[in-house]
Amino acid sequence: MERNETFELIIDDVVNQQYAVMDNFFTTAEVDVLKKGLLDAFETNQFKKSAIGNRADEKVMDAIRGDYIFWLDEQDTSAAAQLFFAKINEFITYINATCYLGINEKEFHYAVYPEGTFYKRHLDVFQNDKRRRLSLVCYLNDENWLPEYGGELVIYKDSGDVVVYPEKGRVVIFDSQTLEHEVKPVQQKRYSITGWLKTR
Ligand SMILES: O=C(O)CCC(=O)C(=O)O
Ligand SMILES: [Fe+2]
């Protein structure tokens with residue numbers, strides 16, 4: 001398999017520190033396509049209030065998370081879905097070939113955090129379902145997200161807290177099974193695609 005420097009950097013960081021932050025996973029032009037896909041779905045009211053727990057056990061809990069989500073479908077013919085899954089599938093093929101991770105399932109949703117919302121500290125695996133291995137978050141905000149907008153992702157590591165601002169085009173990848181994290185309250189609408197690479 002042809003060597004991919006971006007993927008190699010991600011793999012190194014995930015192996016060494018359980019997370020990676022990558023600013024050029026998607027180009028600016030690709031982010032614009034993804035953002036349009038998100039806004040098209042949002043403006044046609046296809047988003048719904050997020051829930052806690054897996055899909056079999058849904059309970060809406062504003063005190064824990066306040067984002068609105070829309071699950072992406074790989075069969076969706078929109079430019080955004082096509083572009084997104086092409087890239088994700090390339091990444092999955094690469095990490096399976098180089099790290100023997102055995103990723104054979106994925107799930108992704110668009111997310112919008114309206115002003116004042118947040119997602120309290122949590123782990124991305126469920127009590128009754130531990131198939132999520134890697135969490136992936138792709139930020140679709142405009143350029144120059146300012147610190148006063150809040151909405152930073154905080155990853156809690158024994159060695160200290162890692163703070164990641166949701167900059168346009170930035171992708172964060174982390175170990176779903178071990179790393180607790182939270183989204184601090186946002187002061188400005190915050191856009192992303194979040195999802196998981198899973199094993200059976
Ligand atoms: O948007 C983020 O930065 C993280 C979202 C998250 O933790 C989740 O959806 O489980
Ligand atoms: Fe999470």
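All heavy atoms count here, side chains included; hydrogens, waters and symmetry mates do not. Counting starts at 1 for both ligands and their atoms, following the listed order.
The aromatic rings of Phe47 and Tyr110 sit parallel, their planes meeting at an angle under 30°, below the 60° perpendicular limit.
Between Ile64 and Tyr119 the shortest side-chain heavy-atom distance falls below 4.5 Å.
Of all protein heavy atoms, the one lying nearest to atom 4 (C) of ligand 1 is Val183 CG2, 3.6 Å.
Taking 4.0 Å as the cut-off between side-chain N and carboxylate O, Lys35 and Asp142 count as a salt-bridged pair.
Compare Lys184, Glu152, His181 by their heavy atoms: the one nearest to atom 7 (O) of ligand 1 is in His181.
The two atoms that bring Met1 and Ala97 nearest to each other are CE-CB, 3.9 Å, heavy atoms only.
Near Tyr113, the atoms of ligand 1 lying under 4.0 angstrom from a non-hydrogen atom of the residue are 5 (C). Listed by number with element, the atoms of ligand 1 under 4.0 angstrom from any heavy atom of Asp124 are 10 (O). Taking every non-hydrogen atom of Tyr139 and a distance limit under 4.0 Å, the qualifying atoms of ligand 1 come out as 2 (C), 3 (O).
Residue-level check: among N/O/S atoms of Asp124, OD1 sits closest to the Fe ion (ligand 2).
When atom types are taken as modelled, the side chain of Asp161 and the backbone of Val163 share no donor-acceptor pair closer than 3.5 angstrom.
Residue Tyr119 has no nitrogen or oxygen atom sitting less than 3.5 Å from a nitrogen or oxygen atom of ligand 1, judged on distance alone. Polar contact with ligand 1: present for Arg190 (N/O pair, distance under 3.5 Å).
Gln188 and Asn141 share no donor-acceptor pair across their side chains, judged by distance under 3.5 Å alone.
By the 4.0 Å heavy-atom criterion, His122 is counted among the residues contacting ligand 1. The shortest separation from a heavy atom of Tyr191 to ligand 1 is not under 4.0 Å, leaving the residue out of contact.
Atom CD of Gln127 has 12 or fewer heavy atoms from other residues, nucleotides or ligands within 6.0 Å. Counting non-hydrogen atoms of other residues, nucleotides and ligands closer than 6.0 Å to NZ of Lys157 gives a total above 12. Under a cut-off of 6.0 angstrom, the local environment of NZ in Lys130 is crowded, with over 12 non-hydrogen atoms contributed by other residues, nucleotides or ligands.
Neither the backbone nor the side chain of Asp67 comes within 4.0 Å of ligand 1, counting heavy atoms alone. With a 4.0 Å cut-off on non-hydrogen atoms, Trp196 touches ligand 1 through its side chain and not its backbone.
One finds an angle of 90° at the Fe ion (ligand 2) between NE2 on His181 and NE2 on His122, to the nearest 10 degrees.
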